[in-house]
Amino acid sequence: MRLLRALPLALIACASSPSVDRPVDAAAPEVDVVLEDAPATPDVDVALRDDAPPAACASCETYGDTVTLSPVSSPAITEASGIVESPTQPGVYFVHNDSGDTARVFAVDANGDLLATYRLDGATAVDWEDLTVGPCPTGECLYLGDIGDNAMNRADHAVLRVALPTVARGDDRALAWERLDFAYPDGPHNAEALAMRRDTGDLYVSTKADAEAGVYRFPLPLDPASRVTLTRVATLALPNEGSPLVTAADLHPCEARLLVRTYTRLWEFTPPAGAPFEAMFTAVPRRLPVFSEIQGESVAWHADGRGYVTVSEGRSQALHDTRCAP
């Protein structure tokens, strides 16, 4: 078992180069950090291991303050547009860049240190926007959404699937992959949110639109041998405040809860008591705390369900962690 050292927590505000869809109202606030008279924070050992089960999954009724962790240090990670925590190695986060990078996914820890780089040799990365984790024929897999379509004219939307790797520091290798090609039933859409239901394997894409965000579901079983047409199941009931543009989503690992990220807000959807699972998409959500990032396009539940993490696009951006209130 190899141990990683977690750094003391710090508040960090970073700048990033603009992109074509950067919101004008999502600038990160200036933060004053007072170091005087503060006791030193001891290092915390974080085990990079897969021989111990994760903590039992649960959910939060209320959330504590958002804590800024260390910035992502790798110069290769410049536009983190998706994040998910490993369900077998808590504290290990998979991230990928937005459009412009090759087909690869990175593993980092809470210190922002790069642990591993995994290539999908031969795959394309037209506009990767989000990733998720869930069941697959080999056990558990990462699903990477090549779903961005700013011009709304693509005919090659797809989700790429790879077996969940066991991360070891220094990994730099290729992973076998499958391509799940799909089309929308009502023409092309721009989308940046991908989420999977962990118990059934239902895979959802939520579109990014000013007026309304459609929710589309893949037919099961997921079939890499054919191009499928998704089913529109709902229009997200987003409140009329802040940015309406959906930039990320994640389904809770053990409960019917959905996180929906926009540039300026984070919403949690749950279905009404006794209602079916997909009723959550049209339920009235509650607003959750989220750090005002430069260009926030990612969110993920923790593997144990007790909080969530975000990270912004841009170089040297920090992870922001929100846990259950004590």
Side-chain angles (χ1 to χ4, degrees), residues 7 9-33 63 65-85 93-101 104-106 108-114 125 127-131 145 147-148 150 190-194 206 208-210 213 238 241-250 259-267 287-302 307-323:
L7 299 178
L9 304 181
L11 288 175
I12 303 171
C14 299
S16 135
S17 58
S19 75
V20 295
D21 54 0
R22 175 177 173 176
V24 297
D25 57 346
E30 293 184 356
V31 180
D32 292 327
V33 182
Y63 295 89
D65 294 334
T66 297
V67 175
T68 300
L69 305 179
S70 299
V72 175
S73 59
S74 172
I77 303 173
T78 59
E79 287 189 281
S81 188
I83 188 169
V84 70
E85 185 172 16
Y93 302 94
F94 295 101
V95 299
H96 63 76
N97 284 320
D98 204 325
S99 58
D101 197 6
R104 57 181 176 172
V105 61
F106 308 93
V108 301
D109 62 16
N111 300 332
D113 292 334
L114 178 66
D127 195 354
W128 286 14
E129 290 291 355
D130 203 2
L131 80 166
I147 56 178
N150 287 325
N190 187 28
E192 295 191 4
L194 186 72
S206 297
K208 180 182 182 181
D210 289 312
L238 287 170
E241 66 169 280
S243 172
L245 300 176
V246 174
T247 61
D250 198 28
L259 289 176
V260 173
R261 178 75 190 271
T262 72
Y263 285 118
T264 58
R265 299 286 187 272
L266 180 64
W267 305 101
R287 183 178 170 182
L288 300 187
V290 65
F291 192 85
S292 180
E293 294 172 333
I294 291 173
Q295 188 162 336
E297 295 194 10
S298 63
V299 66
W301 291 106
H302 281 295
Y308 50 88
V309 64
T310 68
V311 65
S312 175
E313 289 192 357
R315 294 183 182 275
S316 302
Q317 295 299 300
L319 297 174
H320 297 106
D321 191 12
T322 307
R323 304 275 182 164

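Model, not experiment: these values are computed from the prediction.
A donor-acceptor pair under 3.5 Å is absent between the side-chain atoms of Thr262 and the main chain of Leu245, judged by distance alone. Remark: the backbone N or O of Gly296 is paired with a side-chain donor or acceptor of Thr247 at under 3.5 angstrom. Proximity of a side-chain donor or acceptor of Ser243 to a complementary backbone N or O of Thr264 within less than 3.5 Å is not detected. Between the side chain of Asp250 and the backbone N or O of Trp301, at least one donor-acceptor pair lies under 3.5 Å. Arg315 places a side-chain N or O within donor-acceptor distance of the main-chain N or O of Pro75, the cut-off being under 3.5 Å.
Of all heavy-atom pairs between Pro289 and Tyr63, the closest is CG-CB, 4.1 Å. Heavy-atom minimum distance, Ser298 versus Ala80: OG-O, 4.4 Å. Taking each heavy atom of Glu79 and Asn97 in turn, the nearest pair found is N-OD1, 2.9 Å. His302 and Tyr308 get closest at one heavy-atom pair: CD2-N, 3.4 Å. The shortest heavy-atom contact between Leu319 and Asp109 is CD1-O, 3.7 Å. Here the shortest heavy-atom pairing between Ala125 and Asp101 reads CB-O, 3.7 Å.
No option in Val108, Val84, Ile83 other than Val84 meets the side-chain contact (heavy atoms from CB on, under 4.5 Å) test with Phe94. None of Val246, Leu288, Val290, Asp130 except one satisfies the side-chain contact (heavy atoms from CB on, under 4.5 Å) rule with Arg261; the exception is Val290.
Annotation: the span from Glu297 atom CD to Asp98 atom CG amounts to 5.5 Å, rounded to 0.5 Å. Remark: Leu114 CG to Phe106 CZ distance equals 7.0 Å, nearest 0.5 Å. Considering CG of Asp127 and CD of Glu192, their distance stands at 7.0 Å, rounded to 0.5 Å. Taken from OG1 in Thr66 to CD in Glu293, the straight-line distance is 9.5 Å, to the nearest 0.5 Å.
Using a 4.0 Å cut-off between a side-chain N of Lys or Arg and a carboxylate O of Asp or Glu, Glu129 and Lys208 do not qualify as a salt bridge.
Side-chain contact between Glu85 and Val309: absent, with no pair of heavy atoms (C-beta onward) separated by less than 4.5 Å.
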